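Everything numeric here is computed off the predicted structure, so don't read it as measured data.
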2 protein chains.
Amino acid sequence: MLAQAISRLRQLGVRITPQRQEVLRVLLEGKQPSTAEEILKKVRSRYPRVSQDTIYRTLATFKKLGLVNELHFSDRCRRFEINIRGDHHHHMVCIQCGNAWKLPDCPLECLMRAKNYYPDFQIEDHSFVIYGYCPKCRGA
Amino acid sequence: MLAQAISRLRQLGVRITPQRQEVLRVLLEGKQPSTAEEILKKVRSRYPRVSQDTIYRTLATFKKLGLVNELHFSDRCRRFEINIRGDHHHHMVCIQCGNAWKLPDCPLECLMRAKNYYPDFQIEDHSFVIYGYCPKCRGA
DNA sequence: GAGTTATTCCGAACAGCTTTCAGTTATTAC
DNA sequence: GTAATAACTGAAAGCTGTTCGGAATAACTC
């Protein structure tokens, strides 16, 4: 998985630095979409001197290459998630703890209806997010 | 419309200040969900001394009272929209110019499927956004 | 293994938003 | 009306997530 991603980077003519490898590793391991800060923390547990803007720049690079998706939930920070081919999905997000779960499917019907309704709009992307309280945070 | 909203504020025990009335007016006039900065600019054209934090505070108050919806598109700032009863809707947003259009419907099916899939998650809200290029920005 | 050039690190800047606090004002009680 | 008071406002400072500029470093090319 990591090896795959790295060879993909190499193909794309991007330098493979230890920092980038580590960011990739963290993204692949992370089960939740992560904020830059979370990623930084994890990367620093191995490479303590990595600066936060290396993280931001790396994520920007990966995003441009399509290796990573950038997500915006209802808080102020961006989250990043590895983009695995054929794994298009949406999220259910806990307002309390910020954790996210994959939704079982995608509102395709709605997307098609919108397409018919606004035929001249050139659709590029879409997002569906459900907000609420996860089982753990419900009681607390 | 404005009078309605104001009487609703009064019912809720919130003070009716000129600043708040003006924010309401701007929101009711605005056809697009607006950023705090846009709202501030418009409010200042009548009340030049209004501070930005009054805008933020007012919007937070209105949101708490359910008078206003907060939206998150793919950029980093929040947008606000007047919440008219019975007018639940989602948005189609132009990546270029930032304008937004109301979608004809809501991905209810998808929401229900998610509900069945994660029965212990307490759903509070949801958002569906379509991104792309509007007819005007397509060519440019 | 030397050169080149992208990438990294660091400090500081920036944008959007929030807090604090002193002063003002819309509302309530008289 | 008038006074009391709790809610509100404006100004400035502060916070958080993100980006920039430039010198130093190190990955890739030959």
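- Atom-to-atom, CZ of Arg49(A) to P of dA26(D) comes out at 11 Å; the value is rounded to the nearest Å.
- Evaluation of atom-type donor-acceptor distances gives no pair under 3.5 Å for the side chain of Asp53(A) against the base of dA12(C).
- Within 4.0 Å (heavy atoms only), Gln19(A) reaches sugar-phosphate atoms of the nucleic acid but no base atom.
- Judged by distance alone, the side chains of Thr54(A) and Ser51(A) do bring a donor and an acceptor atom under 3.5 Å apart.
- Within the 4.0 angstrom heavy-atom criterion, only backbone atoms of the sugar-phosphate kind lie near Thr17(A); the bases stay farther away.
- You'll find that the side chain of Gln52(A) is closest to dT19(D), out of dA7(D), dT9(D), dT19(D).
- One finds a side-chain N or O of Arg78(A) lying less than 4.0 angstrom from the OP1 or OP2 phosphate oxygen of dT19(D).
- With hydrogens and angles ignored, no donor-acceptor pair closer than 3.5 Å exists between the side chain of Arg76(B) and the base of dA15(C).
- Both Arg15(A) and Arg44(B) sit near DNA chain D, but only Arg44(B) has its closest nucleotide nearer the 5' end.
- A close approach under 4.0 Å does not occur between any side-chain nitrogen or oxygen of Arg10(A) and OP1 or OP2 of dA27(D).
- Residue Pro48(B) is out of contact with every strand shown, counting any heavy-atom pair closer than 4.0 Å.
- One finds a side-chain N or O of Tyr56(B) lying less than 4.0 angstrom from the OP1 or OP2 phosphate oxygen of dC17(C).
- Ring orientation note: the planes of Phe73(A) and Tyr131(A) are nearly perpendicular, at an angle over 60° on the 30°/60° scale.
- Nucleic acid contact class of Arg57(B) (heavy atoms, under 4.0 Å, all strands): base.
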